[in-house]
Amino acid sequence: MYVDSHCHLSFPDLIGRVDAIRADMAAAGVQRALVICTTLEEFDTVHGLALAHDNFWCTAGVHPDTEGLAEPDVDGLCALAARPRVVGIGETGLDYYRLNGRSVAEMAWQRDRFAVHMEAARRMALPLVIHTRSASDDTVAMLRSAQAAAGGALTGVFHCFTETAEVARAALDLGFLISFSGILTFRSAQALRDVAAFVPLERCLIETDSPYLAPVPHRGKTNTPALVPHVAAELARVKGLPPDAVAAATTANFNRLFRLPQPAVAGAATGAATAAGSA
Ligand SMILES: [Zn+2]
Ligand SMILES: [Zn+2]
């Protein structure tokens with residue numbers, strides 16, 4: 001059984017066909033999914049999915065690329081995070097990929113927003129879902145100092161990992177998990193496969209980041225959580241392990257990080273999810 005640790009079911013490509021996606025997930029053995037929040041405006045939709053389906057959970061946060069919408073503060077994020085089925089803070093982090101002519105110094109607002117999320121995570125004792133792109137030095141440095149200030153209490157996952165082995169090492173040293181997406185299956189991603197080979201299995205998660213980044217052999221199509229087994233299969237190939245071992249480990253890692261009950265019996269959990277889905 002698989003878990004998709006990061007998907008955007010609230011996005012226009014997916015929100016209109018959640019029932020079909022859930023049927024595809026069940027057929028593919030994808031047991032659980034974490035629905036990720038990227039704006040305060042979409043929180044109610046994301047949260048509604050988690051409330052409506054007993055195998056969905058969600059996060060609260062504002063993506064670093066979000067501009068021109070409501071800005072989160074610590075109290076507001078904590079209030080959202082206290083609601084049922086909210087199990088993480090994010091996605092948050094730093095993204096200097098699209099500076100649109102600005103300097104890194106001019107992105108202080110993004111670092112301020114990241115700091116707000118880290119403080120909310122500390123206060124609520126929830127894991128962070130970290131997005132970092134072209135900004136790994138600042139992301140790691142800010143996490144390191146926030147974690148030191150929090151007495152080591154901050155944890156979380158670097159999602160859709162595409163960074164170097166050095167950044168992976170730093171994330172692991174911080175106690176964070178590393179999540180691999182469909183990028184792992186792309187022909188051009190040998191450097192990332194080398195990183196994945198080195199990250200201990202007990203620190204790995206898998207995700208789709210759907211609707212983006214559909215794994216091979218579906219590359220270029222709209223991605224959904226039902227395709228996460230392709231990511232698991234590639235991670236298994238890279239590590240020389242059976243896909244079942246990767247499925248079991250990444251599922252256990254997910255449940256541990258987000259403090260969800262480990263299903264006692266896979267078959268029983270499937271039955272419960274199916275019953276709830278048809279209710
Ligand atoms: Zn992201
Ligand atoms: Zn995302």
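Atoms within each ligand, like the ligands themselves, are counted from 1 in listed order. Any value given below was found using the heavy atoms of this structure, including those in side chains, with hydrogens, waters and symmetry copies removed.
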Could you pull out every donor-acceptor pair under 3.5 Å between side chains of residues 74-84 and any protein atom, sequence neighbours left out?
| residue | atom | partner | partner atom | Å |
| --- | --- | --- | --- | --- |
| Asp75 | OD1 | Arg123 | NH1 | 2.9 |

Inset, instruction - Would you sort out whether Thr224 and Ser210 count as a side chain to side chain donor-acceptor pair (under 3.5 Å), showing the intermediate values? - result: CA-CA 5 Å; Thr224 83; Ser210 48; over 6 Å; no

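- By the 6.0 Å and 45° rule, Arg32 does not stack over the aromatic ring of Phe254.
- Closer than 2.8 Å to the Zn ion (ligand 1) sit the protein N, O or S atoms Glu91 OE1, His131 ND1, His159 NE2.
- Within the structure, side chain to side chain donor-acceptor pair (under 3.5 Å) pairs that include any residue of residues 148-157 do not occur (at least two apart or interchain).
- Ring-plane geometry between His8 and Phe11 is classed as parallel, the angle between the planes falling under 30 degrees on a 0 to 90 degree scale with a further cut at 60.
- As for His8, its N/O/S atom nearest the Zn ion (ligand 2) is the one called NE2.
- For the salt bridge (Lys or Arg N to Asp or Glu O under 4.0 Å) condition, the pairs that include at least one residue of residues 166-184, sequence neighbours left out, are Arg169-Asp173.
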